[in-house]
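Written out below as structure tokens is the structure these notes cover.
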Number of protein chains: 2
Amino acid sequence: MKYTKKDRQQLLLETLEKNPFITDEQLASTFNVSVQTIRLDRMELSIPELRERIKSVAAHNFGEEVKSLPLNEVIGEIIDIDLDKQAISILDITQDHVFARNGIARGHHLFAQANSLAVAVINDELALTRKSTITFVKPVKAGDRVIAKAVVLSSDTEKNSTLIEVTSKVENDTVFIGQFSMYRVTKS
Amino acid sequence: MKYTKKDRQQLLLETLEKNPFITDEQLASTFNVSVQTIRLDRMELSIPELRERIKSVAAHNFGEEVKSLPLNEVIGEIIDIDLDKQAISILDITQDHVFARNGIARGHHLFAQANSLAVAVINDELALTRKSTITFVKPVKAGDRVIAKAVVLSSDTEKNSTLIEVTSKVENDTVFIGQFSMYRVTKS
DNA sequence: CTGATATTAGTACCAAGTGCTAAAATGGTG
DNA sequence: CACCATTTTAGCACTTGGTACTAATATCAG
């Protein structure tokens, strides 16, 4: 019932891929060979020992320090602003913003750019987002430069409410549209 | 220049929090005490040995069954997930998430939690947000623990479209509601 | 049958510990 | 100051999961 050397080594690779937390002893018993054979296999395949495998899994995880959204006031860089009227910001999409799988930017980054721009354009103590409808028109890729433009559509002073539309483009292609209903907190 | 026992133990905790990859020997030399003292400290504080610490860091990262996304791409911590049905995540709001002015969380963080949860709940190669309508029901403050629950409402296999509703609560008060229309990229 | 390849066995050694005992050093307190 | 408790050090045997190396067997192919 034993595998050939080649098959066993192939299986070994797959097994450790799935679960790196296995000792040579355990491997030996699952493959019905001696521990020494497993060691030889590991050497030929240059698979490190258990502790090193675990360490590398841990280090990997640790190095990628839970990436959260940038925390500055505004996501992206504001390049033009006309308070209570309109504003423009630029966000360069990097590897950090995209799904590793396919290089497409995660939605919340585009939202964050638009939302924080909507907040910034309001000339008041503070603005809170109340409601919002957004459409991701076209996927954005790593390397793209997203230019968001916020336009104040209307303002209801009674209700402290302001309606803003943000349109984001990449090289003149619209990639994102969002309507934001903002609540303004007037200076007391 | 030695610390008191209490101070040293406090520092020990903080040091290992920041970097769990340190041996007792290294710790001993940084604190200018003997290795045995470090061991006693670890025992009193029930801190496991280096290898166990590393293993737990690694296991944390490895043991997850999130399919649609590596864990680190999700904003907040997923505590329950039933693929294609529902998922729950927790996000602790810190000073970093709020407007300094009034301590109210910026909208895009709540959106990011909800959006990434919506992506994670989908059992497919990848999911992109297509459209979304969101309402910020109530301000969220620093210190709040936001629990977001994503529920898959419907799935249109023809259009590769899935409708998800995410409701976020702080201590049973709804603070955020979002409908997400997701586009699913099927496995090849 | 012979030679090459593959497998097993056994030994010494290492890192980073645990567990245990015991001796110093240090620090209040009466 | 003396005394006792706490704290710190030291030392030794033992554990895991290995490495490094040598040497003896198995197995198979021509």
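All chains are named by letter (A, B, ...) in the order of the sequence lines, taking the proteins before the strands, and each is independently numbered beginning at 1.
Residue L40(B) shares its hydrophobic cluster (ILVMFWY side chains chained together at separations under 4.5 Å) with no other residue. The hydrophobic cluster containing I90(A), built from Ile/Leu/Val/Met/Phe/Trp/Tyr side-chain heavy atoms closer than 4.5 Å, also comprises I79(A), I88(A), I147(A).
Residue R42(A) is classed as a sugar-phosphate contact, given heavy-atom separations below 4.0 Å to backbone atoms only.
Side-chain atoms of F111(A) and N115(B), non-hydrogen and from C-beta on, never get closer than 4.5 Å to each other. Between V119(A) and R106(B) the shortest side-chain heavy-atom distance does not fall below 4.5 Å.
When rounded to the nearest whole Å, the span between CZ of F21(A) and P of dG17(D) equals 14 Å. Between R8(A) atom CZ and dT27(D) atom C1' the separation is 13 Å, expressed in whole Å. Rounded to an integer number of Å, the gap from K6(B) NZ to dG27(C) P is 18 Å. Nucleotide dG18(D) holds its C1' atom 14 Å from the CD1 atom of I38(A), rounded to whole Å. Note: CG (L27(A)) to C1' (dG17(D)) measures 12 Å, nearest angstrom. In this structure, M43(B) places its CE atom 10 Å from C1' of dC20(C), rounding to the nearest Å. Rounded to a whole Å, the CD atom of E44(A) is 11 Å from the C1' atom of dT7(C). Atom CD1 in I47(B) sits roughly 11 Å away from atom P in dT18(C) (whole-Å rounding).
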Tabulated below should be each protein N or O lying under 3.5 Å from an N or O of nucleotides 14-16 of chain C; please produce it.
from    : atom 1 : to     : atom 2 : distance (Å)
dA15(C) : N3     : R51(B) : NH2    : 3.0
dA16(C) : O4'    : R51(B) : NH2    : 2.8
dA16(C) : N3     : R51(B) : NH1    : 3.0
dA16(C) : N3     : R51(B) : NH2    : 3.4

Take K138(A) and D144(A), measure what salt bridge (Lys or Arg N to Asp or Glu O under 4.0 Å) needs, and give me the verdict at the end.
-> CA-CA 12 Å; K138(A) 215 185 141 187; D144(A) 285 352; over 6 Å; no

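Note on S34(A): every side-chain N or O is 4.0 Å or more away from OP1 and OP2 of dT7(C).
Each of K6(A), K5(A), R39(A) was checked for a salt bridge (Lys or Arg N to Asp or Glu O under 4.0 Å) with E44(A), and the lone residue meeting it is K5(A).
Ranked by how close their nearest DNA chain D nucleotide is to the 5' end, Q36(A) and Q36(B) are led by Q36(B).
Closest heavy-atom contact between D41(B) and Q9(B): OD1-NE2, 2.8 Å.
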